[in-house]
Structure formats: structure tokens, C-alpha cells
Amino acid sequence: MAVAAFPIVGIGASAGGLGAFEQFFSGMPQGVASGMAFVLVQHLAPDHKSLLSELVRRYTSMKVLEVEDGMLVEPDSTYIIPPNRDMALQDGRLRLFEPASPRGQRLPIDFFFRSLADDRAEQAICVVLSGTGSDGTLGLRAIKGAGGMAMAQDVASCEYDGMPVSAIATGLVDFVLRPAEMPAQLIAYAGHAYRRAQKTPDARRAPDVESTLKRIFALLLARTRRDFSQYKRNTVIRRVERRMAVHQIESQDDYIRYLQANATEVDALFRDLLIGVTSFFRDAEAFDALEKTGMPRLVPEDSADGRLIRVWVAGCSTGEEAYSVAILLHERLELLKESARVQIFATDIDANAIAEARSGVYPSSIATDVSPERLARFFSPVAGRDAYRVRKSIRDMVAFAEHDVIRDPPFSRLDLVSCRNLLIYLSSELQRRIIPKFHYALNPDGLLFLGTSESVSEHAQMFSVVDQKAKLFAREEHAGASPRGLVAGVSPAGAGVSVAHTPHGTLAAGRLHLREMTEGALLEHHRAAAVLVTATGEILYLHGRTGKYLEPASGEAGMNILKMAREGLRQPLTTALRAVAANREPVSHPGLRVRTNGDSVTICLTARPVRPDASVMPHQELFCVILEETEASEHEQDLRPRPTGAEGEAQIDTLRRELAAKEQYLEAANRELEISNEELTSANEELQSLNEELQSTNEELETSKEELQSVNEELATVNNELQVRVTELSRTNNDMNNLMAGNDIGTIFVDHQIRITRFTPAATQIVNLIASDVGRPVGDIVSNLVGYDQLVEDVRKVLDTLVPSEIELQTRNGSWFLLQIRPYRTLENVIEGAVITFFDITEMRKLRALAAETEELRKLALIARDMRDAMTVQSLGGRILAWNPRAAELYGWSESEALSMHVQDLTPAGTSADSVLEMLRLAADGVLRPQSVKRRARDGHVLDILLTATALVNESGETYAIATTERELRPGEPEPGSRSSS
């Protein structure tokens, strides 16, 4: 299934990363679709649940997901690595792996960045934020090598600056910004770079593009003296377009003008074109093949001691590949216990890369590529830095130099040429010129080691296949091969014309053969013996018959000319070497008598300084010792003593004895000197052993330090998360305190042992609590509740049954409260005690009583309204207080009119008012019985009314009003108390 093409931004952080993430996503424009996906990789404690997902969701409207294995990456989404996992991008999906390295040596950011470079190439973007160490640096190199873009946090804004400093030090970072400034730059870059990338290849090959490239090549050549015109066009175009995107330049002509005005941009483009994706033992399978198949061919088991092994690593970049080859050779020599000498020439056209390679210092993240055993043997930690340095024994095997494999002459007489992942950037024509150079440079059966995407297919006759998969080839002799000294237009001196491209190639080859014959004849005629030695006398090379003047010394085998010199030669030879080393001028000692196998010869000793090629042996002082046999002169023969008679013989014997004594003295002095040297050597070995032990201890301490540093980073990350959580909890706690203090609900929290854990201020009105009561059993506290002492039992019952309880209780001051007891549940639904709440229901009870009274009155009102008799209520003074509809119908006055009347207004004329008041008094006393009375209607008619009066009594038992029921007596209806006739 095809994966949709969109940029993916990998963001790496360690300690101090939470704040940087917050600033980054806070700076993301809201409501704007970036079209990019963001993957966050942070150093997390393996046993601690990360809060990063929860925190990031607060600052972005994008989807925020914690990664699950196989999750498909989609644009405008954010993905976060889970704890204790390594993560890689494969075919647009995020894959999770168990960490392969022990805790303290894990580099999850490098691991992800490299996979991002492999999967997304030019659409890969990396961002390095705050953190200690150097994780992310090697991954950044991989992304830049694939044509991606790199950002790093501004050091001034970092809480921990180790990771950003390491990234910036590579010189490959495109933008150094504060986290809040990064999103806007990312969106601008993506909109420009990937819009241009959608152009068709045909558009890229248009004539105007070719013209632009020629002008750019001219600017690069003028500035750097390097010709890129033979590099692959698409590679150059992509790098140019990426630089245009960095500076937001639309047109090619504008970029040409920008290059002309800014020399630093020419340098930046030069660095972009030279970015080499390199690492120690890159392509592990290929280096395994070189170790198992190539090394036995370079250093066979029957090879001679002291032999010279020469290697050329072309396009070495920052030196990782050269040191990898040196380590393999060192291991092979150690395995065979051989003392072969190794010269590795590592070359590149990038001066900055060469300087970095010479230093031999690399970030600690190389632990991903180098096994722990090799890391301990061949690297030493750099004090005060999160880095390793290649040990001196390996650095001394490699000589780094600026060299252009295209333009400069090749090295020669090599056993191995390694040129990996350089040819893929060069045009086919240039590759056809370079492969024969490698063939010329190699010895017979020498090895050529290429990158996994490179081959010698067009020059198959020059090489045989050793390992096709690893791209390991062996040199073959063939008729069409160029003779040594003339290859691809380069003569041994570095100038001349190629035999293969010259009409007179055959003649030139013949002249070369004549020169070699002439040089051989001269060497055969000039029979002086010569020895190439170091300043200490170690023999590097022998020429001629030196056995007459040198012999193996007794004791441990060695190749030191001072120890091997025969009698008569050792002392002047020692003097001559010291003199030539001090003065750098030739020294000559003619007429020396040297004993050889029972005879003596006269020789001339000459010592000369030799200046080796700096690219071959940059730090070595060499001297040539020439031993030339001469005839004794007549003057010397005349000066020889001619003993005569006994006196002469005695004189000769005396001189011989003196000479023997001096020789014995010198021999004794030499022996003492040798013994002193041996003692010093032994002491030096002991010191070296002690130093190795100290180094081993230091390495263990450095390893422990790295582990502690990693744990410290994880703890710092956890601490940052906890600080955020503490801030949130503090805010939540403040909100809860204000909420609880701002209401009148009394609340008491108790645990399983019914001990008080917390209470609100309102609870102190019901239970006599003070601050020191926290932790005490609630049953020990005196309450203000009346008739209730079962609080502890009720709480236990709720905890046992998990059924809430409610009780209405009264306090001593007459207030009423609703007591509720409920289980205390955590977010995980775990019961951790109970919550006791007191709701003040005093007003509610009053309202309830009032409602009950109102209900009673409502019922009475309904009765009064619907009854068939007239009903009135009168005060004890006779004022009418109530008047039902039947009364209005009976008497003719409306309710509103009646409420302003007195009961006497209903009394017909001629009826005594006193009798009416007396009747009210009797009714109030409860002694009035139903009786017949006269009432006056509104129209003046007098009605006969049957009246029943009842006293209304309040809660105190006092009569406050009289209620009457009045019914009109119809003619013939008996009066109260009368009997009807039969």
C-alpha cells in the first residue's frame, strides 16, 4: 500500500523537555492545518507512567496519541513514545521495540531519527530540544544526509543544553530558535520546500536549470576550489532547492544573487553537498564480511613479521569508517600475535571533517554502533564531556589529509581501498574514471571495498568478486589495465597525460620501461649498503648487503641498528645518529675499521635525515645510514706501526692490552647501560600496567557516571512531570478549599479506622472539631447533636454494606441537619473510607411546616368554598374576617364588601346589639349551641337563620376568632330543639 507523502517532524528531548514541549505547542498557530505529523521522543523512566500525552493535549488542538505498535502516522497529529520502548518509523507506521541497550546507554532519539531519515528522506525533519548528553546528534546527521532539515533549541533558552550544543556543533543545523518560534518556521519551510519538490523531473532538467547549475558550480569552484559539475544532477538540484527553502527564496536567479552576496551561503551549500552519512561499522553485515573474509586476505596466518599493510579510505568524512578499518586490523594482528605495521590514509575534501576526524572525539551516542567490548578497548571517555576519544594506538594507525579523489593523484601499493557511499553521488562518467584509479592504487590481489549501492560493473575485468553482497572485490591483472605511474591522466609525479587517452600511449609505456631498466642498472653498480632507521635506531628498511656490518644481537630478538652494529661501528654509529638528529644535517665518518668474521674492513659511515611525505608519515623522523666499503689510503698504510725487534713487539703487546682493557671497559659500560635501560623498561612497563589499571577503573567510573547521568535525566523528566502535577494538584486543592469553605455544608472525611482525615469549617458547628483532631477517631469527639450517639456504628454499617445512609438530626441550639454517610471512592473505584456530610435543613423544616399549615388552610378554604351553608369568620369584637360564596349568595353582599362590615350590620332593626355581643362571648367560651337568629339581607329582607358558632383556638389554647355556619330556615322547617308533629 502506498504511503501518503507528507513531512514528519521528529522532536527529541531529555531533561527539561516538558517546558520546551509546552512552548513549542503553545507557539503552534491555532486553527491552521500544518500538513505535518509530529513524533515526540523523550528520555522516560522505564517504570514510570508518562504524563506527556496529557500535558501536550492542553496546548494543541491536534490529536495527541500515545504510540501503539503498528500505528499509522497521519498529518496534523501528534504521537508520543511510551516508556521503556524504542521506536522506529517503517513504511509510514510507528513500530515499538524492547530496548536493546541497558538502562543508561539507550539512545531512543538517535534510533528514531535514523529510521525517520530512511523512511522519509527529504521529508524528514528533526528538532533537538533541551536535554543532557548527545542523543540525537548522529540521527541528525542521517536526516541531513538524506536531504532533510534540522532545527535545534537556542542554547540560551535551554534548561539543559547538552543535546542542543552537540547538535549545533556538527555545523548541520539549519535553524537555531526558541521553541515558541519553531512552529511558524516549520510551517513556512514546509510550505516552500515541499511545494517546490512537487515539480516534475522534466522541469528540473530544463535548460534554465542547467544554466543555473553552471553558475552555481562556478561560484563553488571560485570559493572552495572544488568542482561539483560532475556530481549527479538530481542530488545537486535537491540540495540547492533545500537551501532555497531554508531562506524562503522562490526563484533560482534570486538564489544566485544571494550566493554572490553571501560567501557564508556558498560555504553552507558546500557543506550540504558534502554531507556524508557515516558511522562506525556502518552496514554491519558488510563490515562482518570484511572482518571474516577480507582481513584474512590482508593479514594471512603465514604473513611475515614486520610487513607493511597500506590502506586508503577515500571520502572518509569525519573518520568513523577509517577508524573502523583500523580496529578490524588491530584485532586481526592481535589474534595472530603479529607485529605488522599499518598505514591507513584517510582522505576527504572537507577540511572541517578532516579536523574533526583527526581529533578522534565522537559523541557518546556512538555506543549504538560500537559494541561494548570495542567501546571499552578502543575508546576512552573524554573528561567533562559526553563524548569518547579513539585511543592513541588506533589514532596512530591513521593519517588524515585533504585529498580530492577526482583531481589528485591516487596513493599506490595499497592492500585495501575503501570507498563507501561516495560514488553514488558522482556521475557515471566520473565513476568510469575513478574505478581504474583504484585498480592502479592496489597491489596484486588487493581489496576494494565499496558501498552497498555501488559496483564495478563497467570494469568487471579489473576485479574479481570476493563478496557480492558486501561489495568486496579483489584486484585482477589484465591486458587493458593501465601501467603503474600512468592512470587516468595522472603521472607518478602528479602531472602528465594518460596513456589510455594518448595516441602515443605505447611509446610512453616503452619509455617508462627503459627508465626502470636504467635505474636498476645504476642500483646494481652502486653497491653501498643502506638502512632506513628511526631516531632510536629501529630499522624500517634494509638495502644491499648489510650482513658484513650488522649481526643479530644476543637476547630478545629485535631490529635495532645500534644493537646489531659490529665491533668498530657501534660507537661512531651512535654518535652519528645523535648528531644528525640534533642538527638535521648529514654526518660522515670515513675510514672506520669494522671487524667482519675474523677480518676487518674500512668503511665510510654516512647518516642523512630523510623527509617523508607528510600525508604518509606525518609525525615520524627518519634517517638513512649508508655503509660504503672503501680502500685504505697509502697515508693510512704509512701510518701503521712497523714494529722492529723485541722492543717493538713489547710495545705492540702493551697497546693491545690497553686496547683490550678499554674495549672491556666500554663493554662493561654498555652492559651497565643496557641493564639500566632494561630496569627503566621494566619500571615503565609496571607504570604502564598501573596506568592501564587506572584507566580501567576510570572507564568503570565513567560507565557508572553515564548510567547515573541517564538515571538523572529520567528522574529530571519525572520530576518535571511531577512538578506540573503538583502545580495542578495545588490549584485543585486551592479550588477545593475555597469551595468547601465557601459553602455551609459540614463535611468530615474518615478512613477505614473511622479516623478523621479532613473536615470543613462548617462541620465545627455540629461536631466540636479543631485542627489537631485530624487523625483522631471521630467517636472521641463530642458533638452538639441531640439524642444521637450512633455515628460510629452508622459509619461502619455504610463501610460494610456500601449503602448510603441519611438521618435528620437536631442540635442543641434548635437547628436541624440532614446527616448523610457515603463511601469514599477513588478514581480507581477503591473504597478508602467514608464521607460524613451535614446539610442545614432548619429553613427547609420551617418551610415544610408552613407548607403543611398552608395545605390545611387550603383544604379548609375548599370546604368553605364548596359547602352549601353560609360560612363566616368574625373577630371577638364582631369584625367579619371571612365570607364564603354561599354567604354572598344568601345575604347579597360580596366578599370584599363583607370584609369591611361588622356583624351588627347583619342584625335587623330592633334587635339589641348587646344580644349579639353576648352571643359572640358565649361562642368564644364554647357554650353556644345551634340557635335560630334573625339576619338582614342587603335588600332589607329579614331572614330566619339557623346559626352554629364555633370558637377558633390557636396553639396556645386561646380563642382568637368565631367561625359560624348559617343556613336559612324555610317555612315549615322545625327550629333547633323543637319536635316535629306526628
Side-chain angles (χ1 to χ4, degrees), residues 843-982:
E843 293 299 325
M844 186 179 70
R845 284 182 67 91
K846 289 180 180 180
L847 292 173
R848 190 189 304 166
L850 181 59
E853 183 179 348
T854 303
E855 180 63 18
E856 291 297 328
L857 291 175
R858 188 184 69 82
K859 291 178 181 178
L860 289 174
L862 289 174
I863 293 172
R865 184 193 69 186
D866 298 336
M867 67 187 302
R868 295 178 61 82
D869 297 333
M871 180 179 177
T872 67
V873 177
Q874 304 153 22
S875 68
L876 295 180
R879 179 65 59 185
I880 297 174
L881 302 177
W883 188 263
N884 77 341
R886 179 57 182 159
E889 180 183 344
L890 182 62
Y891 296 116
W893 280 285
S894 66
E895 182 181 5
S896 60
E897 292 172 331
L899 292 179
S900 63
M901 296 169 58
H902 194 274
V903 69
Q904 291 179 350
D905 296 334
L906 301 176
T907 304
T911 302
S912 173
D914 293 336
S915 63
V916 175
L917 295 176
E918 179 64 18
M919 183 183 64
L920 292 174
R921 184 185 65 76
L922 291 174
D925 293 340
V927 297
L928 185 62
R929 294 181 179 180
Q931 58 180 318
S932 176
V933 296
K934 299 290 186 180
R935 291 293 192 202
R936 182 175 67 87
R938 183 173 185 172
D939 58 2
H941 290 89
V942 176
L943 304 174
D944 290 324
I945 299 298
L946 178 63
L947 182 144
T948 302
T950 303
L952 300 180
V953 182
N954 60 22
E955 293 179 355
S956 302
E958 298 175 350
T959 301
Y960 64 89
I962 302 297
T964 65
T965 303
E966 303 175 13
R967 180 187 301 171
E968 182 182 4
L969 291 174
R970 299 296 181 182
E973 185 177 353
E975 295 183 4
S978 65
R979 297 177 181 265
S980 60
S981 61
S982 57

Flag, side chain of R935 to backbone of H941, donor-acceptor distance under 3.5 Å = no

Please report the closest heavy-atom contact between A951 and I962, naming both atoms and the distance.
-> CA-CD1, 4.0 Å

Hey, does K934 have a side-chain heavy atom less than 4.5 Å from the side chain of D944?
-> yes

Quick one: does L906's side chain get under 4.5 Å of M901's, heavy atoms only?
-> yes

Measure from the side-chain N and O atoms of W883 to the backbone N and O of W893, and report whether any donor-acceptor pair falls under 3.5 Å.
-> yes

Can you see which heavy atom on L881 is nearest to which on A961, and at what distance?
-> CD1-CB, 4.3 Å

Closest heavy-atom pair, A882 versus L899, reported as atoms and distance to 0.1 Å, is N-CD2, 3.7 Å

With rounding to the nearest 0.5 Å, note down the distance linking OG1 in T959 to CG in L952.
-> 8.0 Å

What are the two closest non-hydrogen atoms of L947 and E966, and how far apart are they?
-> CD1-OE2, 3.6 Å

I945 and its side chain to side chain contact (heavy atoms under 4.5 Å, CB included) partner, picked from E968, Q931, R967 | E968

4.5 Å side-chain heavy-atom contact, T965 and M867 | yes

Just by modelled atom types, is the T964 backbone N or O under 3.5 Å from a matching donor or acceptor in the D869 side chain?
-> no

Between Y960 and V953, the two heavy atoms sitting closest are CE2-C, 3.7 Å

Checking N884 side chain against M871 main chain: does a donor-acceptor pair fall under 3.5 Å?
-> yes

If you measure only the distance, is there a donor-acceptor pair under 3.5 Å linking the side chains of E897 and S894?
-> yes

Can you tell me how far the CD atom of Q904 sits from the CZ atom of R879, to the nearest 0.5 Å?
-> 10.0 Å

What is the minimum heavy-atom distance between A887 and A870, and which atoms define it?
-> CA-CB, 3.4 Å

